[in-house]
Amino acid sequence: MKRILVTGATGQIGSELVPALRTRYGSDNVIAAGHKRTPQHALVEQGPYTTLDVTDIEALATIVRDFRIDTIFHLAALLSAAAEQNPQVAWKINMEGLHHVLEVSRVNGCAVFFPSSIGAFGPGTPRDNTPQDTLQRPTTLYGVCKVSGELLCDYYFTRFGVDTRGVRYPGLISYETLPSGGTTDYAVEIFYHAIQQKKYTCFLHKSTTLDMMYMPDAVRAAIELMEADPHQLKHRNAFNITAMSFAPAELAAQIRQHIPDFTLHYQIDPLRQAIADSWPRYMDDQAARDEWGWQPQYDLAAMTRDMIDHLMKKLS
Ligand code: SER
């Protein structure tokens with residue numbers, strides 16, 4: 001990886017992956033591409049920034065050629081609940097966007113990182129210790145795009161030799177940029193509300209357990225997988241990875257260790273509850289550990305402490 005393009009750079013993952021990549025590979029070698037969201041100051045000030053609509057393949061090809069890109073981290077996508085509200089637009093952005101990235105990569109010899117998700121599983125999948133290789137019949141458009149995306153990435157690798165790699169991210173928790181339109185967003189929002197109002201109304205049931213991960217682990221996973229020795233990889237698209245697994249009530253209990261008068265209330269959103277009920281409670285990530293040494297660093301207690309420390313400073 002010498003010249004890197006990050007699509008969806010202004011989103012929850014991109015806004016933290018771009019600075020990490022710039023630190024590692026040099027600021028001028030990492031081009032951040034955003035679309036609708038106003039870019040964070042750091043993205044624009046610390047290195048090249050461009051606007052890009054991934055549904056425009058010509059615009060994408062021009063950036064890849066002009067900047068002599070050799071690796072694309074393709075993060076631009078709508079999240080699960082947003083996709084459910086507008087499936088036609090979601091297909092265009094999530095699926096056509098990925099196809100464009102793969103085509104441009106095939107022609108220009110780029111490697112591709114594609115984030116899949118716990119959303120790539122469905123109600124027929126074993127929800128506990130979800131195997132790496134198992135039934136994937138998701139019931140959301142987001143999930144359909146993720147499974148199709150995993151398959152398409154594998155196809156481009158076996159058919160055309162494009163170096164495609166990906167992980168199935170669990171819900172991601174971060175203090176830099178809020179997620180939007182996701183089913184696991186509660187696990188980020190809860191911290192803002194706990195600090196500012198000492199109470200939060202959760203849209204998922206108190207005992208809905210889902211896989212989660214703190215953003216520093218998620219960023220490191222993407223970089224480590226793309227740097228991994230290809231000869232060690234039996235899988236490519238995509239590896240189960242996880243760091244912790246909890247329900248809203250357990251997260252609230254952990255937050256109360258730091259903010260004792262925090263209270264959690266519930267008002268279930270049927271759409272997001274149904275999505276969460278179709279996803280794994282915790283995945284088996286042994287293949288990632290074996291094939292490229294995946295190892296999370298933050299558990300629930302460490303993540304909660306760090307989130308509260310950073311948000312206290314940010315919000316004060
Ligand atoms: N965090 C995502 C969502 O909730 C899942 O990949 O949509």
Side-chain angles (χ1 to χ4, degrees), residues 7-8 10-17 73-87 89-91 93-95 97-98 113-123 125 127 130 136 138-150 153 166-191 202-205 208-219 221-222 237-248 251 268-283 285 288 296 303 307:
T7 74
T10 58
Q12 189 196 12
I13 304 174
S15 60
E16 299 201 41
L17 179 63
F73 287 78
H74 176 49
L75 308 178
L78 291 192
L79 289 184
S80 57
E84 228 35 56
Q85 264 143 13
N86 210 336
V89 173
W91 177 266
I93 295 171
N94 295 16
M95 224 42 240
L98 174 63
F113 174 83
F114 169 66
S116 188
S117 156
I118 49 173
F121 297 111
T125 307
R127 296 191 67 204
T130 305
Q136 290 182 262
T139 45
T140 62
L141 196 278
Y142 178 75
V144 169
C145 291
K146 288 301 187 193
V147 179
S148 312
E150 289 184 9
C153 286
V167 295
R168 296 184 184 127
Y169 278 129
L172 297 180
I173 301 161
S174 63
Y175 55 83
E176 202 65 57
T177 304
L178 280 162
S180 95
T183 300
T184 56
D185 293 7
Y186 91 84
V188 181
E189 291 167 7
I190 193 170
F191 284 98
C202 184
F203 54 76
L204 292 185
H205 189 270
T208 300
T209 300
L210 290 168
D211 267 318
M212 298 279 176
M213 183 179 291
Y214 197 31
M215 191 57 84
D217 278 336
V219 163
N237 302 283
F239 286 93
N240 287 359
I241 55 167
T242 187
M244 62 192 94
S245 169
F246 58 74
L251 177 55
I268 307 300
D269 169 17
L271 170 66
R272 286 180 286 188
Q273 186 64 51
I275 295 174
D277 288 340
S278 76
W279 286 356
R281 279 185 280 262
Y282 63 95
M283 293 183 283
D285 60 5
M303 175 277 290
M307 273 296 280

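In listed order, ligands and their atoms are each counted from 1. Hydrogens, waters and symmetry mates are skipped; everything else that's a heavy atom, side chains included, is used.
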Would you mind writing out a table of all protein N or O atoms found under 3.5 Å from any N or O atom of ligand 1, naming both atoms and giving the distance to 0.1 Å?
residue	atom	partner	partner atom	Å
ligand 1	1 (N)	Thr184	OG1	2.8
ligand 1	4 (O)	Thr183	N	2.6
ligand 1	4 (O)	Thr184	N	3.1
ligand 1	4 (O)	Thr184	OG1	3.3
ligand 1	6 (O)	Ser117	OG	2.6
ligand 1	6 (O)	Tyr142	OH	2.8
ligand 1	7 (O)	Ser80	N	3.0
ligand 1	7 (O)	Ser80	OG	2.6

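Under a 3.5 Å cut-off, the side chain of Tyr169 and the backbone N or O of Pro115 do not form any donor-acceptor pair. The main-chain N or O of Thr130 is found under 3.5 Å from a side-chain atom of Asn240 such that the two form a donor-acceptor pair.
Looking only at atom types and distance, the side chain of Ser116 has a donor-acceptor partner in the side chain of Glu150 under 3.5 Å away.
Taking the side chain as every heavy atom from C-beta outward, Tyr142 and Ile275 never approach each other to under 4.5 Å.
The structure places CD1 of Ile173 at 6.5 Å from CG of Leu251, a figure rounded to the nearest 0.5 Å.
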Show me, pair by pair, the donor-acceptor contacts under 3.5 angstrom made by side chains of residues 76-85, not counting sequence neighbours?
residue	atom	partner	partner atom	Å
Ser80	OG	Thr183	N	3.3
Ser80	OG	Thr183	OG1	2.7
Glu84	OE1	Leu141	N	3.0

